[in-house]
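Let me begin by presenting the structure, written as structure tokens, before commenting on it.
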Amino acid sequence: MTRQLHIALLLGALAGAGCVAHNDGAPQPQQMCNIDFVCASGDTCAADGQCYGPVSDPDTLAVEVIPASDEPANVRQEILGKAGETSLSVQLEAPHTVTGFVRLGSSAGATGSKIDARLVARRPSRLPGGADVVVEAPATAREGFQLRLPPGEVWQIIVFPKDGADSLDGPPVPFAQLVGQNLMRDFNVPAPSELKKARGVLQNAVGEPLVDVPVQMFGRLPSISGEVVASQSVRTADDGSFQLALPVGLHSEYRLVVNGNQSKPAMPEVSFPGVVIPDPSNLAMVKDLGTLSLPSFGTPQPSMLEIQGTTIAGGAEKAIGARVVFTTEWSESAPGVAAPCVAGARCARFRREKVVDATGTVVVDLLPGTSQNDRSYDVAVLTPSISDFASRFGIRVIVTEQGGLLAPIMLAPKVRLTGQVSDLMGAPLGDVEIVARPVLDPDLTLSASETATVEAFQTPRVFSSMADGSFTVKVEPEFLGRDAAYDLELVPPLESGLPRWVRHDVLVPRDLPASKRIVNQGTFTPPEPVRVSGLVLAPNQQPLARAEVLVYRLDASCTRGIVGPAPTCLKPTLVARTTTGMAGQNGNFSVVLPRAGL
């Protein structure tokens with residue numbers, strides 16, 4: 001029998017196999033292999049009439065099992081490097097449970113009073129390049145907490161105490177915990193008497209107290225990169241005064257934030273960096289920040305902005321549904337109406353966001369300019385994934401003293417990636433889900449002003465092939481002023497019996513004229529499939545039904561990033577997902593994978 005016939009027979013068998021995931025009430029697959037209708041070379045005809053082959057590339061596969069939420073063994077686990085070559089069967093490790101109470105008073109030990117809290121446990125993923133594993137659990141003064149964690153790992157556990165009066169998150173307290181067995185442990189957090197105190201008074205530029213304005217501090221924990229909340233948010237009193245409590249052990253330099261965006265009347269968020277509050281030997285001491293003067297802000301005035309997009313055909317249409325973000329900043333180091341924030345200097349930032357309505361416009365209340373200077377805003381327009389128009393960033397918009405009508409913004413069309421999906425025999429393959437995932441440099445660091453840009457690119461864009469196999473994928477053509485790149489993940493319909501596959505690093509030129517923004521990607525053909533079976537066993541060696549199984553291939557595909565070259569790295573690519581339990585009764589599952597070497 002020729003290899004081509006083997007493939008044809010295998011495809012016929014898989015096409016008749018029905019859904020990969022067997023759910024209650026699902027039709028059973030037809031019997032497609034027997035003594036007269038054989039499987040491809042190397043495959044086996046099983047009792048259920050389906051062809052099964054060996055596990056493809058077992059050394060590069062990883063399995064993630066997510067038990068049903070009501071399972072006693074409900075702990076998500078990752079299993080790397082399958083040693084066997086005939087099955088994906090796995091047995092979960094027994095989870096370890098950390099139980100106890102959160103107590104008030106770091107020096108009080110077991111005598112500290114029990115309080116409500118929130119616990120967040122985090123560790124790196126076992127999948128190279130995978131997202132961190134995060135487990136959260138509430139703690140109550142009455143019943144304590146229960147964290148169920150995979151064993152043998154060092155977890156970073158952060159405790160967020162709750163204040164009994166208003167249930168606001170208190171200063172976070174980090175702990176490192178090796179979970180090698182079931183543990184009973186209490187976490188002690190500082191009592192109010194053990195916290196550093198900082199007080200001050202907020203006034204406006206003419207010396208009037210600012211009343212009922214939220215104030216909060218941010219700092220750095222010794223074991224955590226980046227800034228974290230270091231105090232509760234309090235509101236200023238009638239005389240503009242406030243007092244904040246901070247945990248001992250954080251770095252001594254803080255950033256005080258007056259969160260004006262939550263105030264009435266509306267005012268900017270004002271940031272005071274470099275507030276030094278050393279750990280005092282006498283915790284009863286209170287650091288007096290003195291009187292903090294904020295600039296005067298004009299009353300927000302309504303402004304109208306029209307947003308349109310250019311079509312590939314050259315026309316213009318309303319950019320309905322686009323999200324428009326207005327930001328203006330000014331810093332004490334560069335006095336003026338709109339000077340960008342400078343590190344280490346007091347900074348004011350005003351941000352507003354609106355969605356383009358059916359008329360193609362947004363109306364938003366913005367801080368106006370003055371009689372001496374207009375105010376400059378940085379505007380980002382973020383379009384939905386289904387939009388024909390590309391997002392746009394770094395637009396400079398000028399607002400006068402009266403506000404009013406702003407200069408219109410025109411968007412370029414998105415780039416359309418077109419092509420054809422066919423099966424292994426060259427026939428059109430319809431209803432294939434095509435997911436465009438932006439490729440980001442794993443070492444990319446972004447400034448605060450680039451956050452909105454990242455958000456626009458992190459959301460996957462999902463499209464489908466037509467009945468004739470043709471597809472069109474609309475993508476953003478640039479990222480931070482550079483060409484964008486995408487991984488195109490193709491998910492065939494379950495009944496096709498074909499595996500998922502990915503075309504990596506599809507580069508999208510950003511400098512194409514509007515009429516040229518259609519780029520043909522040619523034909524997408526799936527790799528040759530192989531159906532493999534597996535069994536998920538609970539820690540007690542009993543079959544685990546209703547568990548979700550995700551199979552990844554660890555590809556050395558992070559060879560570049562959108563922003564400059566990226567180091568070669570492993571990146572988990574999802575190649576199959578299903579649920580255990582034929583008709584919901586056992587831990588069996590079967591999935592379709594690419595054959596070895598594909």
Looking at Asn520 and Gly419, what are the two nearest heavy atoms and their distance? OD1-CA, 4.0 Å

What is the distance from atom CD1 of Ile434 to atom OH of Tyr486, rounded to the nearest 0.5 Å? 15.0 Å

Could you check whether any side-chain heavy atom of Leu147 comes within less than 4.5 Å of a side-chain heavy atom of Val135, counting everything from C-beta outward? yes

Is it the case that the side chain of Thr580 and the backbone of Arg546 share a donor-acceptor pair, with hydrogens and angles ignored and the cut-off at 3.5 Å? yes

Can Ile158 and Leu119 be said to form a side chain to side chain contact (heavy atoms under 4.5 Å, CB included), step by step? CA-CA 6 Å; Ile158 304 177; Leu119 284 75; over 6 Å; no

SG atoms of Cys33 and Cys45 less than 2.5 angstrom apart: yes

Residues Gln521, Gln420; criterion side chain to side chain contact (heavy atoms under 4.5 Å, CB included); working and verdict: CA-CA 8 Å; Gln521 298 296 308; Gln420 186 84 13; over 6 Å; no

Does Ser590 form a side chain to side chain donor-acceptor pair (under 3.5 Å) with Gln50? I'd like the steps, not just the answer. CA-CA 10 Å; Ser590 67; Gln50 298 190 76; 5.2 Å; no

Quick one: does Asn586's side chain have a donor or acceptor within less than 3.5 Å of a partner on Pro543's backbone? no

Separation between CD (Gln308) and CE (Met410), nearest 0.5 Å, reads 4.5 Å

Please test Val90 against Leu537 for side chain to side chain contact (heavy atoms under 4.5 Å, CB included), starting from the C-alpha separation and ending with a verdict. CA-CA 6 Å; Val90 296; Leu537 297 177; over 6 Å; no

Does Phe160 have Arg118 sitting over its ring (NZ/CZ under 6.0 Å from centre, angle to axis within 45°)? yes

Looking at Ala313, is its backbone amide N or carbonyl O close enough to the side chain of Ser515 to form a donor-acceptor pair, meaning the two atoms are under 3.5 Å apart? no

So Lys474 and Ser387, do their side chains get closer than 4.5 Å, heavy atoms only? no

Are the side chains of Leu305 and Phe326 in touch, meaning some heavy atoms are under 4.5 Å apart? yes

Value rounded to 0.5 Å, distance of CD in Gln177 from NE2 in His96: 12.0 Å

Side chain proximity check, Pro67 to Leu92, heavy atoms < 4.5 angstrom: yes

Arg126: which residues meet the salt bridge (Lys or Arg N to Asp or Glu O under 4.0 Å) condition with it, sequence neighbours left out? Glu93, Glu153

Counting only N and O atoms by type, is there a donor-acceptor contact under 3.5 Å from the side chain of Thr311 to the main-chain atoms of Gly315? yes

Salt-bridge test for Asp357 and Lys318: reply yes if a basic N is under 4.0 Å from a carboxylate O, no otherwise. no

Does the pair Arg531/Asp43 count as a salt bridge with the N-to-O cut at 4.0 Å? no

Can you find a heavy atom in the side chain of Val551 that is under 4.5 Å from one in the side chain of Leu593? yes

Electrostatic pair Arg553-Glu489, nearest N-O below 4.0 angstrom: no

Mark yes or no for whether Arg517, through its side chain, and Leu512, through its backbone, hold a donor-acceptor pair below 3.5 Å. yes

Could you walk me through whether Glu433 and Arg461 pass salt bridge (Lys or Arg N to Asp or Glu O under 4.0 Å), step by step? CA-CA 10 Å; Glu433 187 178 89; Arg461 293 145 176 82; over 6 Å; no

Looking only at heavy atoms, what is the nearest atom pair of Phe589 and Val536, with distance? CE2-CG2, 3.7 Å

Identify, with sequence neighbours excluded, every residue that meets ring-ring contact (aromatic ring centres under 6.0 Å, His included) alongside Phe471. Phe524

So which heavy atom on Pro384 is nearest to which on Gly321, and how close? CG-O, 3.6 Å

Donor-acceptor contact below 3.5 Å, side chain Thr578 vs main chain Val591: no

Sorted by chain and residue number, the ring-ring contact (aromatic ring centres under 6.0 Å, His included) partners of Phe145 (sequence neighbours excluded) come out as Phe187

Between Pro526 and Leu424, what is the shortest heavy-atom contact and its length? O-CD2, 3.1 Å

From Glu476, Arg323, Lys414, residue fulfilling side chain to side chain donor-acceptor pair (under 3.5 Å) relative to Ser391: Glu476

Does Trp155 reach the side chain of Pro150, with side-chain heavy atoms less than 4.5 Å apart? yes

Heavy atoms of Val530 and Pro594 approach each other most closely as CG1-O, 3.9 Å

I'd like to check Leu490 versus Val502 (side-chain heavy atoms, cut-off strictly below 4.5 Å). Are they in contact? no

Heavy-atom closest contact (Ala62 atom, Leu127 atom, distance): CB-CD2, 3.4 Å

Mind checking the NZ-CG spacing from Lys516 to Asp511? Nearest 0.5 Å is all I need. 13.0 Å

Backbone N/O of Phe389 and side chain of Thr383: donor-acceptor pair under 3.5 Å: yes

Does any non-hydrogen side-chain atom of Val506 lie less than 4.5 Å from one of Asp487? no

Between atom CG of Leu574 and atom CG of Leu550, what is the distance when rounded to the nearest 0.5 Å? 5.5 Å

Give the C-alpha distance, both sets of side-chain angles, the deciding distance and a yes or no for side chain to side chain contact (heavy atoms under 4.5 Å, CB included) between Val355 and Val324. CA-CA 6 Å; Val355 175; Val324 188; over 6 Å; no

Distance-only polar pair, side chains of Thr525 and Thr523, donor-acceptor under 3.5 Å: no

Determine whether a donor-acceptor pair (N or O, by modelled atom type, separation under 3.5 Å) exists between the side chain of Ser89 and the backbone of Leu535. yes

Roughly how far, to the nearest 0.5 Å, is the CG atom of Leu411 from the CD atom of Glu317? 12.0 Å

For Ser465 and Val432, indicate whether the former's side chain and the latter's backbone hold a donor-acceptor pair under 3.5 Å. yes

Verify the neighbour count for atom CE of Met466: are there more than 12 heavy atoms of other residues, nucleotides or ligands below 6.0 Å? no

